[in-house]
Amino acid sequence: MTEKMAATSLTKLVRCVILDLDGTLLNTDGIVGNVLKVLLSRYGKQWDGRETHKIVGKTPFEAAAAVVEDYQLPCSTIEFVSQISPLFTDQWCNIKALPGANRLLKHLKNHGVPMALASNSPRESIEAKISYHDGWKSSFSVIIGGDEVRTGKPSPDMFLEAAKRLSMEPSSCLVIEDSLPGVTAGKAAEMQVVAVPSLPKQSHLYTAADEVINSLLDLQLEQWGLPPFEDWVDGTLPLDPWYIGGPVIKGFGRGSKVLGIPTANLSAKGYSDLLAEHPSGVYFGWAGLSSRGVFKMVMSIGWNPYFDNKEKTIEPWLLHKFDEDFYGEELRLVIVGYIRPEANFPSLESLIAKIHEDGEIAEKALELPLYSSYKNDPYLRSS
Ligand code: ADP
Ligand code: RBF
Ligand code: MG
């Protein structure tokens with residue numbers, strides 16, 4: 001190793017992790033739609049989910065102001081906030097952990113890496129929200145809420161206070177954050193910062209972060225001198241299986257034509273919640289076709305950066321040679337593992353080569369008992 005490389009890697013070594021809560025560990029955005037649907041209906045208005053992007057990442061007051069204006073509600077922003085707050089409180093029990101959050105907390109706890117939770121929301125709300133997630137509260141040696149420091153993020157106060165209470169130097173802390181104010185705060189505190197943006201197609205805004213990743217599944221702890229995850233198996237990360245299905249519809253019409261890789265698309269209707277819940281990336285599992293059987297499958301979820309799609313889609317490639325199309329047939333998928341984040345590529349050839357590599361990884365992994373047992377899942381054969 002050269003002297004310069006040794007110096008750079010040394011500056012990266014950390015000894016503890018400071019985590020943000022909403023949007024980083026918890027899918028708080030997932031409940032926003034539920035709450036707005038209820039409140040707007042009281043005003044005789046209908047919540048249009050497409051406006052979510054105007055709300056996430058804002059303070060409660062800013063978000064409320066945007067909704068009051070957009071829907072021309074006959075109330076002040078302050079009135080709206082006081083009406084919506086109890087609705088949010090009622091939903092805290094429904095906020096899901098983001099993919100990879102439980103895995104991360106368990107891993108760091110098992111390895112004795114000290115953790116702090118630092119969130120702009122009040123201490124009381126933090127405690128209430130995490131109370132619904134087993135083992136979370138005891139994972140953190142320190143919890144700091146927005147009401148416990150003079151100024152919240154983007155000020156570094158909260159992170160500096162967390163370091164102090166952990167008895168760590170700021171340079172020994174790794175901050176994990178989804179929001180821009182959080183990243184700004186972490187860098188102002190002179191800490192290492194990994195950004196996990198919660199909104200899609202935003203990574204170019206996070207230039208201040210030391211690394212930008214797509215989801216917690218992509219975290220590489222060894223880069224920061226922390227104990228690496230030990231759960232990857234032959235290039236795959238086992239997941240709690242999830243299920244999705246429906247009739248095969250026409251896609252972008254380019255899978256076979258442009259790439260030579262047909263992907264059997266499912267309609268976004270009826271599974272938008274499921275799609276929103278799962279980070280974009282390349283996954284694999286088993287695919288059942290009602291009259292044809294069960295096949296190995298590798299797929300991408302997301303916006304296909306190479307084609308810069310406007311919609312998040314599911315693109316399942318069945319690892320089997322079919323002699324004909326099967327549009328309209330019922331396709332059932334069980335997704336059992338993760339391979340990599342979606343990427344852009346300098347050429348079509350390199351995209352195609354990568355997808356074939358994904359196919360080989362999936363093909364091999366699905367032989368492992370860990371994954372092969374799902375081949376017999378009744379969901380794949382019922383329709
Ligand atoms: P589209 O844009 O309509 O999805 P594609 O070129 O991606 O078109 O082709 C997908 C279609 O090809 C599927 O809907 C299915 O009917 C057919 N097909 C044939 N072989 C496969 C395969 N191995 N995996 C997925 N789809 C396949
Ligand atoms: N598209 C991308 O732009 N980037 C990717 O990293 C990517 N990975 C893929 C991996 C697999 C296993 C499959 C089946 C597709 C992938 N694609 C990716 C999507 C590809 O662009 C898509 O199937 C076509 O756009 C067809 O609509
Ligand atoms: Mg397709």
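One-based numbering, in listed order, for ligands and for the atoms of each.
- Ring geometry for Tyr43 against Phe80 counts as tilted: the plane angle lies between 30° and 60°, on a 0 to 90° scale.
- In this structure, atom 22 (C) of ligand 2 lies nearest to the protein heavy atom Asn304 ND2, 3.8 Å.
- Nearest protein neighbour of atom 21 (O) of ligand 2, counting heavy atoms only, is Phe307 CE1, 3.1 Å.
- Closest protein heavy atom to atom 27 (C) of ligand 1: Phe326 CZ, 3.4 Å.
- Proximity to Val298 (heavy-atom distance under 4.0 Å) selects the following atoms of ligand 2: 12 (C).
- Listed by number with element, the atoms of ligand 2 under 4.0 angstrom from any heavy atom of Phe252 are 27 (O).
- Cation-pi geometry between Lys354 and Phe345 is not satisfied (NZ or CZ under 6.0 Å from the ring centre, within 45° of the ring normal).
- When non-hydrogen atoms are compared, ligand 2 lies under 4.0 Å from the side chain of Leu351 (C-beta onward) but not from its backbone.
- Thr263 N, 3.0 Å is the protein heavy atom nearest to atom 7 (O) of ligand 1.
- Both the backbone and the side chain of Tyr327 come within 4.0 Å of ligand 1, judged by heavy-atom distances.
- Look at Arg340 and you'll find a heavy atom under 4.0 Å from some atom of ligand 2.
- With atom 13 (C) of ligand 1 as the reference point, the heavy atom nearest to it among Gly328, Ala264, Ser256, Gly251 is part of Ala264.
- Contacts of Leu318 with ligand 1, taken as heavy-atom pairs under 4.0 Å, involve both backbone and side chain.
- Nearest to atom 13 (C) of ligand 2 among the protein's heavy atoms is Ile355 CG2, 3.7 Å.
- Ranking protein heavy atoms by distance to atom 23 (O) of ligand 2, first place goes to Thr263 CG2, 3.6 Å.
- Just one residue in the list Phe322, Trp317, Phe326 forms a ring pair (Phe, Tyr, Trp, His ring centres under 6.0 Å) with Phe295, and that residue is Phe322.
- Using a 4.0 Å cut-off to heavy atoms of Asp358, the atoms of ligand 2 that qualify are 10 (C), 12 (C).
- By heavy-atom distance, the residue among Met297, Glu315, Glu342 lying nearest atom 14 (C) of ligand 2 is Glu315.
- At a heavy-atom distance under 4.0 Å, no atom of Glu315 approaches ligand 1.
- Per-residue contacts place Pro305 under 4.0 angstrom from the following atoms of ligand 2 (heavy atoms of the residue considered): 2 (C), 3 (O), 4 (N).
- Look at Phe345 and you'll find a heavy atom under 4.0 Å from some atom of ligand 2.
- Annotation for Ser291 and Glu329: closest pair OG-OE1, 3.8 Å, computed over non-hydrogen atoms.
- Using a 4.5 Å heavy-atom threshold, the side chains of Ile126 and Ile143 count as touching.
- At the top of the distance list for atom 24 (C) of ligand 2, counting protein heavy atoms only, stands Leu259 CD1, 3.5 Å.
- Within ligand 2, the atoms closer than 4.0 Å to a non-hydrogen atom of Ala343 are 2 (C), 3 (O), 4 (N), 5 (C), 6 (O), numbered from 1 in the order shown.
- A search for salt bridge (charged side-chain N to carboxylate O under 4.0 Å, His left out) contacts involving Glu324 returns Arg292, not counting sequence neighbours.
- Geometrically, Arg103 engages Phe229 in a cation-pi contact defined by less than 6.0 Å to the ring centre and at most 45° from the axis.
- Within the sub-2.8 Å shell of the Mg ion (ligand 3), the protein contributes these N/O/S atoms: Thr263 O, Thr263 OG1, Asn265 OD1.
- Looking at atom 25 (O) of ligand 2, its nearest protein heavy atom turns out to be Arg254 NE, 2.8 Å.
- Scanning the protein heavy atoms around atom 4 (O) of ligand 1, the nearest turns out to be Asn265 OD1, 2.6 Å.
- Nearest non-hydrogen protein atom to atom 3 (O) of ligand 2 is Tyr306 N, 2.8 Å.
- For ligand 2, the atoms sitting less than 4.0 Å from at least one non-hydrogen atom of Val282 are 8 (N), 10 (C), 12 (C), numbered in the order shown with element in parentheses.
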